[in-house]
Protein chains: 2
Amino acid sequence: MAALKYSRQRESIKKYLASTTEHPTADMVYLHIKEEFPNISLGTVYRNLNLLSDIGEAIKITTPDGGDRFDGNVAPHNHFYCEGCRRVLDLKMDMGPLKELNASAQQTFDGLIESSSVLFFGKCQNCLKHPSENQ
Amino acid sequence: MAALKYSRQRESIKKYLASTTEHPTADMVYLHIKEEFPNISLGTVYRNLNLLSDIGEAIKITTPDGGDRFDGNVAPHNHFYCEGCRRVLDLKMDMGPLKELNASAQQTFDGLIESSSVLFFGKCQNCLKHPSENQ
DNA sequence: GTTTCTGCAAAGTTTTTGCACGTCA
DNA sequence: TGACGTGCAAAAACTTTGCAGAAAC
């Protein structure tokens, strides 16, 4: 069990994640942190993002378009992935309906499950309005 | 717009997907089809899985453990990803609660969304019972 | 001084693609 | 025959890892 040591790079990554709601990829984080630390490497960014995710200070969201997304908001919430523009959106729904849904799932699936988060797939407002502009 | 032509390999892949509920990875499909077509290549398996997914005859499910899963059941249903054993399970819940959840999400997110499917994350029955055996 | 972290580069994993040949219609 | 599909291998895309030196404590 390794003790955690401070690093300016990790602190900068945390600050960046806390400042945005766009759920950046590792590469987007890398490009941003590079402005402050021109020598930072992508490997360091990956190591820190995984570390933060492991200790619960960030969330990793796997999407179908290659490249995980990262979220500095670790308060319980769910996500929506737009299959049109490929953005990840925060859903600040209350957890009541989620519990109902969980219960419904448990009734039909032959065994208990305990769901902690949910990822919705579909189209966002903008892509519903302008189907031609996106794939 | 290319016309679709029959191929024995694709037919075999479809048959396999229809016969299983374990949501195999491309590699698992490859290994299975290889028993019937020893010379089939992984590239062909990927091409056919993507093709089937594109024309709506299969579903591709991206999970956080690397390697997409494929499902031959294209009837509307949702999935559960167990973070313990990394299995993908089918959820045969009715769509009522999902619509409620959607509505709840739409009220708090500033814009309409239209969700077609949902992926739950959590622990399955077996992993809840035996936490030590899985990560 | 010791442990942890970083930058770099190499390697690993999964998926896609170019091309020559084979199959379907 | 002509269009589409396959096998193979190379490449692409994304992520992890080994190592020597730097930073933290």
Side-chain angles (χ1 to χ4, degrees), chain A residues 1-17 23-55 57-71 81 83 86 88 135, chain B residues 1-17 23-55 57-71 81 83 86 88 135:
Chain A
M1 32 200 72
L4 198 58
K5 249 171 212 184
Y6 173 90
S7 98
R8 287 171 297 157
Q9 290 89 335
R10 188 188 307 130
E11 216 53 32
S12 178
I13 290 171
K14 281 171 69 172
K15 202 171 106 191
Y16 174 52
L17 286 184
H23 307 91
T25 62
D27 198 61
M28 289 162 72
V29 173
Y30 169 66
L31 291 174
H32 188 270
I33 303 301
K34 213 171 179 177
E35 293 171 14
E36 188 179 350
F37 297 93
N39 294 321
I40 199 171
S41 73
L42 193 51
T44 295
V45 171
Y46 271 107
R47 268 185 297 233
N48 278 304
L49 288 172
N50 285 333
L51 174 57
L52 292 172
S53 168
D54 286 345
I55 65 178
E57 295 189 18
I59 293 171
K60 185 194 278 197
I61 306 151
T62 302
T63 67
D65 68 335
D68 294 341
R69 313 298 183 84
F70 294 88
D71 190 345
Y81 174 76
E83 292 161 340
R86 299 172 178 187
V88 172
Q135 183 204 28
Chain B
M1 32 202 70
L4 197 58
K5 249 171 210 180
Y6 172 89
S7 98
R8 286 172 297 157
Q9 289 90 334
R10 188 189 306 130
E11 216 53 32
S12 178
I13 291 171
K14 281 171 70 171
K15 201 171 107 192
Y16 175 52
L17 286 184
H23 307 93
T25 62
D27 197 61
M28 288 161 73
V29 173
Y30 169 65
L31 291 174
H32 188 270
I33 303 301
K34 213 172 177 177
E35 293 171 14
E36 188 178 351
F37 297 92
N39 293 322
I40 199 172
S41 74
L42 193 50
T44 295
V45 171
Y46 271 106
R47 268 184 295 233
N48 277 303
L49 288 173
N50 285 333
L51 174 58
L52 292 172
S53 169
D54 286 347
I55 65 177
E57 295 189 18
I59 294 172
K60 185 195 278 198
I61 306 153
T62 302
T63 67
D65 67 336
D68 294 341
R69 312 297 182 86
F70 294 88
D71 190 345
Y81 174 77
E83 292 162 338
R86 300 171 176 187
V88 172
Q135 183 203 29

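Everything numeric here is computed off the predicted structure, so don't read it as measured data. All chains are named by letter (A, B, ...) in the order of the sequence lines, taking the proteins before the strands, and each is independently numbered beginning at 1.
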**Student:** Can you list everything that forms a side chain to side chain donor-acceptor pair (under 3.5 Å) with A/Glu11? Sequence neighbours excluded, please.
**Tutor:**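 Partners of A/Glu11 under the side chain to side chain donor-acceptor pair (under 3.5 Å) test: none.
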
**Student:** Can you give one letter per nucleotide of nucleotides 18-25 of chain C, 5' to 3': B if a protein heavy atom sits under 4.0 Å from the base, S if only from the sugar-phosphate, - if neither?
**Tutor:** B-----BS

**Student:** Let me test you: for the helix from C/dG1-D/dC25 to C/dA25-D/dT1, what is the angle between the axes at its two ends (five pairs each), rounded to 10 degrees?
**Tutor:**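 The two end axes of the helix from C/dG1-D/dC25 to C/dA25-D/dT1 meet at 30°.
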
**Student:** Kindly write out the residues that satisfy side chain to side chain donor-acceptor pair (under 3.5 Å) with B/Lys34, not counting sequence neighbours, or none if the list is empty.
**Tutor:**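 Counting only residues at least two positions away or on another chain, B/Lys34 forms a side chain to side chain donor-acceptor pair (under 3.5 Å) with B/Tyr30.
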
**Student:** B/Gln9 has an atom CD; how far is it from atom P of D/dC4, in whole Å?
**Tutor:**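 Checked: the CD to P distance equals 17 Å.
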
**Student:** List the atom pairs, donor and acceptor, that lie under 3.5 Å between side-chain atoms in residues 40-55 of chain B and the rest of the protein, sequence neighbours left out.
**Tutor:**
unit_1	atom_1	unit_2	atom_2	d
B/Ser41	OG	B/Thr44	N	3.3
B/Ser41	OG	B/Thr44	OG1	3.2
B/Asn48	OD1	B/Arg10	NE	2.9
B/Asn48	ND2	B/Thr44	O	3.1
B/Asn50	OD1	B/Lys60	NZ	2.9
B/Asn50	ND2	B/Tyr46	O	3.3

**Student:** Between D/dA23 atom P and A/Arg10 atom CZ, what is the distance in whole Å?
**Tutor:**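 Atom CZ in A/Arg10 sits about 16 Å away from atom P in D/dA23.
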
**Student:** Looking at side-chain heavy atoms only, is the closest gap between B/Met28 and B/Thr25 below 4.5 Å?
**Tutor:**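 Of all side-chain heavy-atom pairs linking B/Thr25 with B/Met28, at least one is under 4.5 Å.
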
**Student:** Let me know the distance between CG of B/Leu51 and P of C/dT15, rounded to the nearest Å.
**Tutor:**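 Spelled out: CG on B/Leu51 to P on C/dT15 is 17 Å.
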
**Student:** Report the distance from atom CG of B/Leu42 to atom P of C/dT16, rounded to the nearest whole Å.
**Tutor:**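 About 10 Å, once rounded to whole Å.
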
**Student:** Check side chain to side chain donor-acceptor pair (under 3.5 Å) between A/Lys14 and all other residues, then give those that pass, not counting sequence neighbours.
**Tutor:**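 Once residues adjacent in sequence are excluded, the partners of A/Lys14 under the side chain to side chain donor-acceptor pair (under 3.5 Å) criterion are A/Glu57.
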
**Student:** In whole angstroms, how far is the C1' atom of C/dT16 from the CG atom of B/Asp68?
**Tutor:**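 Between C1' of C/dT16 and CG of B/Asp68: 13 Å.
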
**Student:** Can you name the side-chain contact (heavy atoms from CB on, under 4.5 Å) partners of B/Glu36, sequence neighbours left out?
**Tutor:**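 If we apply the side-chain contact (heavy atoms from CB on, under 4.5 Å) test to B/Glu36, skipping adjacent residues, the hits are B/Ser12.
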
**Student:** Could you tell me which residues satisfy side chain to side chain donor-acceptor pair (under 3.5 Å) with A/Thr63, sequence neighbours excluded, listed by chain and number?
**Tutor:**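 Partners of A/Thr63 under the side chain to side chain donor-acceptor pair (under 3.5 Å) test: A/Asp65.
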
**Student:** Using a cut-off of less than 4.0 Å, is there contact between a side-chain N or O of B/Ser41 and OP1 or OP2 of D/dC8?
**Tutor:**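 Answer is no, no contact under 4.0 Å.
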
**Student:** May I have the distance from A/Asp54 (atom CG) to C/dT4 (atom P), rounded to whole angstrom?
**Tutor:**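 Whole-Å distance recorded here is 16 Å.
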
**Student:** Can you name the residues that form a salt bridge (Lys or Arg N to Asp or Glu O under 4.0 Å) with A/Lys15, not counting sequence neighbours?
**Tutor:**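 Result, salt bridge (Lys or Arg N to Asp or Glu O under 4.0 Å) vs A/Lys15: none returned.
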
**Student:** Do A/Glu35 and A/Phe37 have side chains that get closer than 4.5 Å, going by heavy atoms?
**Tutor:**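 Side-chain contact under 4.5 Å: no.
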
**Student:** For B/Thr44 and A/Thr44, take the nucleotide of DNA chain C holding the closest heavy atom to each; which residue's nucleotide lies nearer the 5' end?
**Tutor:**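 Of the two residues, A/Thr44 wins.
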
**Student:** Is A/Asn48 touching bases, backbone alone, or none of the nucleic acid, heavy atoms closer than 4.0 Å?
**Tutor:**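 Answer is sugar-phosphate: A/Asn48 comes under 4.0 Å of backbone atoms only.
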
**Student:** By nearest atom, which of the nucleotides C/dT14, D/dG7, D/dG5 is closest to the B/Tyr46 side chain?
**Tutor:**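 Ranking C/dT14, D/dG7, D/dG5 by closest atom to the B/Tyr46 side chain puts C/dT14 first.
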
**Student:** Just wondering, do A/Phe70 and A/His23 contact through their side chains at under 4.5 Å, heavy atoms?
**Tutor:**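 A/His23 does not reach A/Phe70 side chain to side chain.
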
**Student:** Can you list, by residue number, the residues of residues 30-40 of chain A that have a non-hydrogen atom closer than 4.0 angstrom to DNA chain D?
**Tutor:**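 The answer is none.
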
**Student:** Which residues satisfy the side-chain contact (heavy atoms from CB on, under 4.5 Å) test with B/His32, sequence neighbours excluded?
**Tutor:**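 Here the qualifying residues are B/Tyr16.
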
**Student:** CE of B/Met28 versus P of C/dT14: gap in Å, rounded?
**Tutor:**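 Taking atom P of C/dT14 as the reference, CE of B/Met28 is at 13 Å.
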
**Student:** To the nearest 0.5 Å, what is the distance between CG on B/Asp71 and CG on B/Leu17?
**Tutor:**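 Spacing of CG (B/Asp71) from CG (B/Leu17) equals 8.0 Å.
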
**Student:** Given atom CG of A/Leu49 and atom P of C/dC5, what is their separation to the nearest angstrom?
**Tutor:**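 Atom CG in A/Leu49 sits about 14 Å away from atom P in C/dC5.
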
**Student:** Please classify the nucleic acid contact of B/Gly43 as base, sugar-phosphate, or nothing, using heavy-atom distances under 4.0 Å.
**Tutor:**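 Result for B/Gly43 = base.
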
